[in-house]
Amino acid sequence: MRIATWNVNSVRARGERIAAWLQRSDVDVAAVQETKCRDEQFPTELFTDLGYEVAHHGLSQWNGVAVLSRVGLEDVQVGFPGQPGWGDPEAPEARALGAVCGGVRVWSLYVPNGREVDDPHYTYKLRWLEALRAYGAERLAEDPQAGIALCGDFNVAPQDDDVWDMAEFEGSTHVTKPERDAFTSVVEAGFTEVVRPYAPGPGVYTYWDYKQLSFPKRKGMRIDFVLASPALAARVSGALIDREERKGKGASDHAPVMVDLDGGPGDESSAPGTAGLAGA
DNA sequence: ATGACCGTCTAAGACGGA
């Protein structure tokens with residue numbers, strides 16, 4: 001079974017491109033972030049026409065998360081228990097959607113950006129990650145064998161090698177110790193980041209700014225991850241950051257990230273001739 | 001070449017992104 005996570009930066013601006021990528025990449029389950037639309041604006045038919053079921057949660061032109069699956073989509077959860085809110089009055093944003101697909105609970109997560117270190121949005125980001133850790137820890141305490149994938153744009157570069165030049169990030173969000181500690185806490189709650197072993201750095205990223213020729217100059221950040229529960233991590237057989245999809249006109253500023261799992265629907269051993277992911 | 005921001009809301013700039 002092949003799962004993917006991708007911050008698409010508007011599903012309306014890029015729907016055809018997303019659909020073509022899904023089909024070309026033989027993806028079974030996709031966790032999608034930054035759809036930038038309300039539910040009634042989501043181009044559902046683009047994906048149902050390809051055999052995917054669709055769950056989307058979007059409240060405005062901001063944020064928006066979806067799960068697309070062709071291996072079943074059940075028990076949809078809008079947000080996770082304890083998810084912090086934003087605004088006045090404070091309310092949860094459209095940043096988390098979970099569904100059980102092919103026996104795996106797949107979460108599409110869009111962690112708040114943080115904006116600036118001295119911005120209230122930064123503390124919101126830290127609270128959000130702490131709440132995610134607490135939720136994940138609770139789920140694993142209830143069922144240590146649960147297959148859970150925390151997929152998404154974490155908006156944290158956990159290691160110095162995850163940005164092109166640490167000196168350029170002096171005083172910036174995404175690389176501060178509190179953010180990295182918050183990310184590490186989710187990992188230490190039992191969720192292994194399963195992509196890095198197959199796509200090691202340095203110089204391997206998932207995001208490149210649209211500005212200043214960042215992509216051709218290879219100035220990127222690794223901020224999109226798949227964090228797997230112990231039972232799920234044991235099934236991972238490969239992973240790939242598809243930087244080809246960042247090329248050309250009409251690309252998202254994030255690349256899709258794919259992970260292959262042994263067993264479950266679409267297992268390679270039961271589908272001869274299907275090539276697995278080779279890694280970086 | 002992979003090429004010098006992009007998307008949304010709204011009608012010219014503001015906001016968010018990271």
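Labels below follow one simple rule: chain letters A, B, ... track the order of the sequence lines, proteins then strands, and each chain is numbered from 1.
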Rounded to whole Å, the CD-C1' distance (A:E168 to B:dA18) equals 13 Å
By the 4.0 Å heavy-atom rule, please label A:F154 as base, sugar-phosphate, or nothing. nothing
Phosphate contact (B:dA18 OP1 or OP2) by A:H254 side-chain N/O below 4.0 Å
yes
Taken to the nearest whole Å, CG/A:D253 to P/B:dT8 is 12 Å
Taken in chain and number order and not counting sequence neighbours, the residues that satisfy salt bridge (Lys or Arg N to Asp or Glu O under 4.0 Å) with A:D160 are A:R180
Regarding the side chain of A:I223, the nearest nucleotide among B:dA18, B:dT2, B:dC9 is B:dA18
Comparing nearest nucleotides in DNA chain B, the 5'-proximal residue of the pair A:M221, A:V11 is A:V11
Of A:H174, A:K125, A:E179, the one forming a side chain to side chain donor-acceptor pair (under 3.5 Å) with A:N155 is A:H174
Against the side chain of A:R95, the closest entry in B:dG17, B:dT2, B:dT8 is B:dG17
| field | Basic-acidic side-chain contact under 4.0 Å: A:K247, A:E244 | value | yes
Can you see if the side chain of A:R12 gets near the phosphate of B:dC9 - specifically, an N or O under 4.0 Å from OP1 or OP2? yes
Practice problem: With heavy atoms under 4.0 Å as the rule, sort A:R243 into base, sugar-phosphate or nothing. | Solution: nothing
Contacts of A:D224 meeting salt bridge (Lys or Arg N to Asp or Glu O under 4.0 Å) (sequence neighbours excluded), chain-then-number -> none
Contact check, residues 15-22 of chain A vs DNA chain B, heavy-atom distance under 4.0 Å, returns none
Practice task
Would you mind classifying the nucleic acid contact of A:E244 as base, sugar-phosphate or nothing, using non-hydrogen atoms under 4.0 angstrom?
Solution key: nothing
Only pairs under 3.5 Å count here: list side-chain donor-acceptor contacts from residues 140-149 of chain A, not counting sequence neighbours, and write none if there are none.
unit_1 : atom_1 : unit_2 : atom_2 : d
A:E142 : OE1    : A:R139 : NH1    : 2.4
A:D143 : OD1    : A:Q145 : N      : 3.1
A:D143 : OD1    : A:A146 : N      : 3.4

From CZ of A:R38 across to C1' of B:dT8 the rounded distance in Å is 11 Å
Task: Gap in Å between the two C1' atoms, one belonging to B:dG3 and one to B:dG16, rounded - done: 24 Å
So what does A:S10 touch, heavy atoms closer than 4.0 Å: a base, only the sugar-phosphate, or nothing?
sugar-phosphate
Hits for salt bridge (Lys or Arg N to Asp or Glu O under 4.0 Å) against A:R38, two or more places apart or cross-chain, chain-then-number order -> A:E40
query = If you measure from the P atom in B:dG7 to the same atom in B:dA18, how many Å do you get, rounded?
reply = 14 Å
Whole-Å distance, A:K36 NZ to B:dG16 C1', equals 7 Å
A:E170 CD to B:dA18 P, in whole Å, measures 21 Å
Applied to residues 65-80 of chain A, the side-chain hydrogen bond (donor to acceptor under 3.5 Å, both in side chains) test, sequence neighbours excluded, yields A:D26-A:R70, A:D28-A:R70, A:D75-A:R105, A:Q77-A:R105
For B:dA18, does either OP1 or OP2 sit under 4.0 Å from a side-chain N or O belonging to A:N155? yes
Rounded to whole Å, the CG-P distance (A:D162 to B:dA18) equals 16 Å
Within residues 112-128 of chain A, those residues having any heavy atom closer than 4.0 Å to DNA chain B are A:N113, A:R115
For A:F183, the ring-ring contact (aromatic ring centres under 6.0 Å, His included) test, sequence neighbours excluded, returns A:F154, A:F225
Expected list for residues 206-214 of chain A near DNA chain B, using heavy atoms below 4.0 Å, is A:Y207, A:Y210, A:K211, A:Q212, A:L213
Next on the checklist: Just to be sure I understand the rule, does A:R218 reach a base, reach only the sugar-phosphate, or reach nothing, if contact means heavy atoms closer than 4.0 Å?
Outcome noted: base
In whole angstroms, the gap separating C1' of B:dC6 from CG of A:N7 amounts to 12 Å
### Message
Under 4.0 Å, heavy atoms only, any strand: does A:D224 hit a base, just the sugar-phosphate, or nothing?
### Response
nothing
Report yes if a side-chain nitrogen or oxygen of A:R14 is closer than 4.0 Å to either non-bridging phosphate oxygen (OP1 or OP2) of B:dC6; otherwise report no.
no
For A:M166, the other hydrophobic cluster members (4.5 Å side-chain criterion, sorted by chain and number) are A:V163, A:W164, A:F169, A:V175, A:Y205, A:Y207, A:W208, A:F215, A:M221, A:I223
Compare all side-chain heavy atoms of A:H121 with those of A:E116 and state whether any distance is below 4.5 angstrom.
-> no
Original post:
Distance between the C1' atoms of B:dA4 and B:dA14, in whole angstroms?
Top reply: 23 Å
Taking the side chain from A:E188 and the backbone from A:G190, do they hold a donor-acceptor pair closer than 3.5 Å? no
Separation of B:dA18 atom P from A:Y205 atom OH, nearest Å, is 17 Å
Mind listing the side-chain donor-acceptor pairs of residues 85-95 of chain A below 3.5 Å, one per line with the distance, residues two or more places apart or on another chain?
unit_1 : atom_1 : unit_2 : atom_2 : d
A:E93  : OE1    : A:R95  : NE     : 2.7
A:E93  : OE1    : A:R95  : NH2    : 3.3
A:E93  : OE1    : A:Y124 : OH     : 2.7
A:R95  : NH1    : A:Y110 : O      : 3.1
A:R95  : NH2    : A:N63  : OD1    : 3.2

The salt bridge (Lys or Arg N to Asp or Glu O under 4.0 Å) partners of A:R235 (sequence neighbours excluded) come to none
